[in-house]
Amino acid sequence: MKWKQHRLVTGVTIFCLTQNIPATLAAVKGSIFPDKIEQYMLGNWQSHHRKMSHLFLLYVLLCSVIYLFINNYGVFYNGTMFTSIEQYLPSGNISLSYILINDLLNLAFWYFIGAICHLTEDFFCGGIPIWNPNKRVSLFRLFTVGNLSEYIVAYGWCILIILYTYFM
């Protein structure tokens with residue numbers, strides 16, 4: 001899938017699921033991370049495309065650790081992010097560093113959720129490695145990158161999730 005479609009599909013999906021603009025923006029930014037990080041790896045990017053940078057288990061573990069840390073030591077924002085967190089804490093004594101670290105962890109969580117969305121989208125156009133970086137797994141190829149079918153699937157998904165979220 002091209003970056004434009006990764007951003008669109010991830011943005012529409014996350015916003016429809018959360019109604020949270022900061023979470024959506026972080027996920028949209030993270031939706032190209034698995035491809036973008038390949039530019040900084042040694043050698044030709046095509047030699048390691050959809051290998052270690054697309055390792056599904058790595059991103060799931062990373063999101064799980066961040067989520068568990070936030071739930072044990074911070075506040076995981078389910079609704080609107082960046083609102084007053086006094087209601088969640090037992091005391092009214094809150095430091096600015098606590099709020100900043102908590103918000104940064106929330107944004108990091110959603111950023112890597114965007115990366116997981118990227119991997120899920122790539123899963124339907126050629127496969128991704130799940131736990132072995134040298135072995136791609138794919139059930140079926142729904143579309144080919146750059147083909148008309150990519151646009152039909154991407155825009156079709158966006159229309160369906162918007163209709164489901166707001167009209168069902």
Side-chain angles (χ1 to χ4, degrees), residues 1-20 22-78 81 101-158 160-161 164-165:
M1 188 175 268
K2 294 189 174 201
W3 285 6
K4 185 181 354 177
Q5 275 68 255
H6 277 299
R7 289 178 179 132
L8 175 71
V9 169
T10 299
V12 169
T13 302
I14 297 300
F15 186 77
C16 285
L17 292 175
T18 66
Q19 306 295 308
N20 188 320
T24 301
L25 293 174
V28 166
K29 190 74 172 162
S31 71
I32 61 168
F33 178 77
D35 285 344
K36 191 81 169 155
I37 195 70
E38 291 173 349
Q39 295 175 351
Y40 303 103
M41 294 180 171
L42 296 176
N44 184 1
W45 72 270
Q46 292 164 328
S47 66
H48 46 257
H49 183 58
R50 288 196 187 167
K51 290 188 178 173
M52 192 62 175
S53 66
H54 283 62
L55 192 60
F56 189 76
L57 186 60
L58 180 70
Y59 293 99
V60 170
L61 288 173
L62 186 59
C63 280
S64 298
V65 167
I66 294 171
Y67 181 80
L68 290 172
F69 189 84
I70 292 170
N71 273 337
N72 287 330
Y73 300 106
V75 177
F76 189 78
Y77 299 118
N78 295 323
M81 199 181 301
I101 290 169
N102 197 68
D103 287 346
L104 287 174
L105 285 173
N106 271 281
L107 290 174
F109 173 81
W110 289 107
Y111 183 87
F112 290 114
I113 288 293
I116 290 174
C117 288
H118 175 106
L119 301 179
T120 305
E121 294 152 10
D122 276 358
F123 181 75
F124 293 107
C125 66
I128 58 164
I130 303 294
W131 51 81
N132 180 352
N134 296 313
K135 185 176 184 210
R136 289 185 191 174
V137 176
S138 179
L139 295 176
F140 57 90
R141 188 178 206 134
L142 193 58
F143 58 89
T144 305
V145 177
N147 201 337
L148 177 63
S149 58
E150 175 185 352
Y151 296 94
I152 292 170
V153 169
Y155 295 123
W157 169 258
C158 291
L160 285 175
I161 196 163
Y164 179 79
T165 302

| Can you tell me if Ser53 uses its side chain to pair, donor with acceptor, with the backbone of Pro34 under 3.5 Å? | yes
| query | Do side-chain atoms of Arg141 reach the backbone of Cys125 as a donor and acceptor pair under 3.5 angstrom? | reply | yes
| said: So, using ring-ring contact (aromatic ring centres under 6.0 Å, His included) as the criterion, who are the partners of Phe124 when residues are at least two apart? | reply: Phe140
| Residues Trp110, Leu25; criterion side-chain contact (heavy atoms from CB on, under 4.5 Å); working and verdict | CA-CA 9 Å; Trp110 289 107; Leu25 293 174; over 6 Å; no
| task | Test Glu38 against His54 for side-chain contact (heavy atoms from CB on, under 4.5 Å), laying out the working first. | result | CA-CA 10 Å; Glu38 291 173 349; His54 283 62; 3.4 Å; yes
| note | Heavy atoms of Cys158 and Val9 approach each other most closely as SG-CA, 4.0 Å
| Can you name the closest pair of heavy atoms from Phe109 and Ile70 and give their distance? | CB-CD1, 4.5 Å
| said: Ring-plane angle category for Phe33 and Tyr111, please: parallel below 30°, perpendicular beyond 60°, tilted otherwise. | reply: perpendicular
| task | For Trp131, check side chain to side chain donor-acceptor pair (under 3.5 Å) against everything at least two apart and list the hits. | result | none
| Between atom CG of Asp35 and atom CG of Leu119, what is the distance when rounded to the nearest 0.5 Å? | 9.0 Å
| Hey, what do you get for CD1 (Ile37) to CE (Met52), rounding to the nearest 0.5 Å? | 11.5 Å
| Donor + acceptor pair across side chains of Gln19, Thr165 (<3.5 Å) | no
| Without hydrogens or angle criteria, can the side chains of Gln5 and Glu150 be said to hold a donor-acceptor pair below 3.5 Å? | yes
